[in-house]
Amino acid sequence: MADKGEIGWRVMAGAAALASGWAARRVITAGWKKTTGKEPPTNPESPEVGLGEALGWAVVMGVGMEVSRLLATRAAAKRWQRGTGELPAIFRDA
């Protein structure tokens, strides 16, 4: 069973990832609109969306969301360390 520290960390990391994912999606969508001059595809899997556009959107969104999650998790771990005096258990053996 998970101890209170692990549960607290999971809640904190999950909230950070959720917030960063929301913000990243907005930023990536705005960047796509500014760069391409059109809305991003709502359903890139559709055959009606060009393959290049679908692949471009998938790559940009995938990389952007993962970078956002990674940065949010690292920031949350640093904040956790400042608050508790140690890194979350998941990072102590890394």
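Only heavy atoms go into these numbers, but all of them, side chains included; no hydrogens, no water, no symmetry mates.
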Show, in sequence, the C-alpha distance, side-chain angles and deciding distance for Trp57 and Ile28, and conclude whether the side chain to side chain contact (heavy atoms under 4.5 Å, CB included) test is met. CA-CA 9 Å; Trp57 178 247; Ile28 293 166; 3.9 Å; yes
Would you say the side chain of Trp22 lies within less than 4.5 Å of the side chain of Ser68, judging by non-hydrogen atoms?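 When only atoms from C-beta onward are counted, Trp22 and Ser68 do not touch, as no gap falls below 4.5 Å.
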Do the non-hydrogen side-chain atoms of Arg74 and Phe91 ever get within less than 4.5 Å of each other?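 No, too far: nothing below the 4.5 Å cut-off.
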Which value, rounded to the nearest 0.5 Å, describes the distance between [X] atom [atom1] and [Y] atom [atom2]?
X	Y	atom1	atom2	value
Trp9	Leu87	CH2	CG	8.5 Å
Gln81	Arg92	CD	CZ	10.0 Å
Leu71	Glu66	CG	CD	10.0 Å

What's the shortest heavy-atom distance between [X] and [Y], and which atoms?
X	Y	result
Met12	Ala76	CE-O, 3.5 Å
Val49	Pro41	CG1-CB, 3.9 Å
Arg25	Met61	NH1-CE, 3.3 Å
Arg69	Ala17	CG-CB, 4.2 Å
Pro40	Thr29	CG-CG2, 3.7 Å
Ala24	Gly64	CB-O, 4.4 Å

Side chain to side chain contact (heavy atoms under 4.5 Å, CB included) between Lys38 and Lys33: does it pass, once the steps are laid out? CA-CA 5 Å; Lys38 57 185 183 176; Lys33 287 178 190 177; over 6 Å; no
Same apolar cluster (I L V M F W Y, side chains within < 4.5 Å links), Val63/Leu70: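 Same cluster.
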Do you reckon Ile90 sits in the same ILVMFWY cluster as Trp80, going by side-chain contacts under 4.5 Å, direct or chained?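 Hydrophobic grouping puts Ile90 with Trp80.
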Residues which pass salt bridge (Lys or Arg N to Asp or Glu O under 4.0 Å) with Glu45, listed by chain and number, not counting sequence neighbours: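 Residues passing salt bridge (Lys or Arg N to Asp or Glu O under 4.0 Å) with Glu45: none at all.
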Exam field: side chain Thr35 to backbone Trp32, donor-acceptor pair closer than 3.5 Å: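 Such a contact is absent between Thr35 side chain and Trp32 backbone.
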